[in-house]
Protein chains: 4
Amino acid sequence: MKKDDISTEEKIINASIELFSEKGFDSTKTSEIAKNAGIAEGTIFRYFKTKKDILMSIVTKAIQFFSEKFIVLPLNKVLHSEKPEEEILADLLKDRYEMITKNFSIIKVIGTEALTKEKIREKLVEHVAIKTLEIGEEFYQSGIEKGIFRDLPPRTVVRSLFGSVIMLIAEQQFFPDDKKSKDVEKEISTIVEIFMNGIKSRKE
Amino acid sequence: MKKDDISTEEKIINASIELFSEKGFDSTKTSEIAKNAGIAEGTIFRYFKTKKDILMSIVTKAIQFFSEKFIVLPLNKVLHSEKPEEEILADLLKDRYEMITKNFSIIKVIGTEALTKEKIREKLVEHVAIKTLEIGEEFYQSGIEKGIFRDLPPRTVVRSLFGSVIMLIAEQQFFPDDKKSKDVEKEISTIVEIFMNGIKSRKE
Amino acid sequence: MKKDDISTEEKIINASIELFSEKGFDSTKTSEIAKNAGIAEGTIFRYFKTKKDILMSIVTKAIQFFSEKFIVLPLNKVLHSEKPEEEILADLLKDRYEMITKNFSIIKVIGTEALTKEKIREKLVEHVAIKTLEIGEEFYQSGIEKGIFRDLPPRTVVRSLFGSVIMLIAEQQFFPDDKKSKDVEKEISTIVEIFMNGIKSRKE
Amino acid sequence: MKKDDISTEEKIINASIELFSEKGFDSTKTSEIAKNAGIAEGTIFRYFKTKKDILMSIVTKAIQFFSEKFIVLPLNKVLHSEKPEEEILADLLKDRYEMITKNFSIIKVIGTEALTKEKIREKLVEHVAIKTLEIGEEFYQSGIEKGIFRDLPPRTVVRSLFGSVIMLIAEQQFFPDDKKSKDVEKEISTIVEIFMNGIKSRKE
DNA sequence: CATGAATGAGTGTTCATTCAT
DNA sequence: TATGAATGAACACTCATTCAT
């Protein structure tokens, strides 16, 4: 009763994230959550009125967490860094990559549910997606003004960068046997290289 | 019984795609499928042994369809085109964009289910993802060899391009009110521009 | 498949009335209703959204039925009869007695639930109790005007008469072994006698 | 710990009577009893083995209480009074009226449960109903013998009187907005008048 | 071949009861 | 003795599936 003092509510949340992420919300039985959490099934309902409430609690907390970790912190890193832009970009992508990879289960849950549940989708768009894009656009815009970046539509640039990282992660998660994307550092620096200099050969 | 000659099986499939895509597989009741298809609930089970069989049939057919439309046809377009590379790239992305957008419901269904159902994920990876990547890589590789593209890892380039289009579509589908991504032609040509020439300003 | 053609809904209603009346609404399990009705438990919910809906359906239908049988018909009997008042009164009480006794199960259900459920109580008061009292009062009032009845408050008279019949029935239902109230004809004519002439001895 | 010295057991009993009477036994949760009693839910089970035991304790105590208050005391009042019969009757009815009204919650609980629980019904019949009727019958019988009352079946007379009071109380409790039964003194003296002299007009 | 009423296994949820503190 | 978190048996209700017509 010292540390390890993981509360019953946390046990439920953790078991739920794991199961929802593996099998989806609907296919996860409350009896399984209970078993995985090491508690009685009835106990779940002392903490959450319904099974759906577990999901909503996970989503709400996660979105809150991400809207801080994802947005405020990287913002400062980016805006106050003295490094050259290429490095800043690489740092940003790596940071994002790690954040998503580390929280992949929960992100998978939220992402999946967002596809069919408008309420979740709206929360996600409002608190995470739009803010993330806006900060990225601001960063790019200021780069244009400093003469570092070309005058291209910031939204498109940011969205494409983000898509490139997302696909890297998807590839690693969903075809885990593939060798081609194992070296993350290299992948990310390649992505930065592609975006900075393009793929067109400039002979001579 | 001439045209309009949509078979009962097709009615079931179409209704299912629509509903699965809106509400997800588990939340869709067979009674709803029947109502949407304009048939009796029992009739469904003359064509499909179980509800899951409807899903598997949709997935199998779609994957078959996509593995042709997605892979074989663009392959030829790309490999036998006389256009300059920038245009080929733009054509490819536009083609992919349209294919995905037009079949968005069914892709959403397959994508969602692939997240939690290994069998579907494997089919998708094997028949669509890998092939698509391979053809893209081949295209890029031959571009390198022709001296058109820089010598960067093809997989990373192709994956990033694909991620850029996917994110464009996601943005349009999930925040439909946003003005920034409405003009598809322009978006795609911007993406091509980014990938061809990079975002770094080259003053001097 | 000729007569006997008691519908599934009726089977459910009948089984429910019997069980609710015996054990009360809360103590009756839907599994018992199903067994008593000779159907599967799930079938209940094709006809009634919830267990409570069964109760409400019983109550609503019964109140509708009673507000007709109880009020409109006796009204006509009473108002258009040529018999002397004592006989009219005896007929009325007997009629009421039989109605209640014949429908005792359902009346017990409604009465019990009315004690704790405001909605049911209100319906009962509005559609049955008030109307019944009003018609009784009207009958008594016209008797006063014809010089047949003494000028006493009609409500009190009617209520007391009704209470006398109710208690007779209660006694028969709840202490069924008691001999004193077995002869209904005699009981009712005694009640009429009490109300017509009072209990005070008028010697000489 | 002087006055106010209401024991935990009493707190439970009082809270239970209030809630059982409002919502019925089955619909009352032990958690609500605890909240209403200002104690912890677990504490209930130090005083009562089961929830049903609370009910049985209420019923047993109440029946004990009533069988004294209801029977022994009025008995003496009636048998040793020097007042004229009309006044004795009025006193009796008023006394009963007040007893029931003052204890209405508990009587409602017992009455409701008696409808579905044979054990409670039997206790009620044996310890209260029969005794009450017997004493009433005895009183009436002696009135007959004294030449004060007409020779009518005592059981019927007593039962009807009781029914008249019960209906008066029911009317007041269940349609509280009605004006016609507000003046209790007058209602009871009208009931006495009806029973003593009948409702038949005796012109001339 | 189509129907839709009936089925019943399976699930989320409730709540009286227990027990370690 | 009092507490309230945890329990799990019991229950209402859902819905894919069956089958007599």
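Just so you know, these numbers come straight off a predicted model, no measurement behind them. Heavy-atom basis, side chains included; hydrogens, waters and symmetry copies ignored.
A distance-only check finds no donor-acceptor pair linking the side chain of D:Lys23 to the backbone of D:Lys29 [under 3.5 Å]. The closest donor-acceptor contact from the side chain of A:Ser57 to the backbone of A:Asp53 lies at 3.5 Å or more, if one exists at all. With C:Lys108 contributing its side chain and D:Leu115 its backbone, the two residues share a donor-acceptor pair below 3.5 Å.
Summarising the geometry, atom CD belonging to D:Glu118 is positioned 10.5 Å from atom CZ belonging to C:Phe174; distances are rounded to the nearest 0.5 Å. With rounding to the nearest 0.5 Å, the separation of OG1 in B:Thr60 from CD1 in B:Ile63 is 6.5 Å. Distance check: D:Phe20 CZ to D:Ile13 CD1 gives 8.5 Å after rounding to the nearest 0.5 Å.
Less than 4.0 Å separates DNA chain E from at least one heavy atom of each of the following residues of residues 26-43 of chain D: D:Thr28, D:Lys29, D:Thr30, D:Glu41, D:Gly42. Residues from residues 46-58 of chain C with heavy atoms under 4.0 angstrom of DNA chain F, sorted by number: C:Thr50, C:Lys51.
For the side chain to side chain donor-acceptor pair (under 3.5 Å) test, residues two or more places apart in sequence or in another chain that qualify with D:Thr30 are D:Glu41. For B:Gln173, the side chain to side chain contact (heavy atoms under 4.5 Å, CB included) partners two or more places apart in sequence, or in a different chain, are B:Thr101, B:Phe104, B:Ile169. Residues that satisfy the salt bridge (Lys or Arg N to Asp or Glu O under 4.0 Å) test with B:Lys61, not counting sequence neighbours, are B:Glu9.
When the P atom of F:dC11 is taken as reference, atom CZ of C:Phe25 falls 14 Å away, rounded to whole Å. At whole-Å resolution of the value, CZ in C:Phe45 and C1' in E:dA5 are 16 Å apart. Atom CD1 of C:Ile44 and atom P of E:dG8 are 13 Å apart (whole Å). Atom CG in C:Leu19 sits roughly 16 Å away from atom C1' in F:dA12 (whole-Å rounding). Rounded to an integer number of Å, the gap from A:Glu9 CD to F:dA6 P is 11 Å.
Pairing analysis of DNA chain F (Watson-Crick: purine N1 to pyrimidine N3 plus N6-O4 or O6-N4; G-U wobble: N1-O2 and O6-N3; both under 3.5 Å) yields stems of 3 or more pairs at E:2-21 with F:2-21.
Listed nucleotides: F:dA16, E:dA6, E:dT17. Nearest to the side chain of C:Thr8: E:dA6.
Figure legend: A:Lys52 and A:Phe25 shown without cation-pi pairing, the cationic atom not lying both under 6.0 angstrom from the six-membered ring centre and within 45 degrees of its axis.
The side chain to side chain contact (heavy atoms under 4.5 Å, CB included) test with B:Ile44 singles out one residue from B:Thr8, B:Ile39, B:Thr50, and that residue is B:Ile39.
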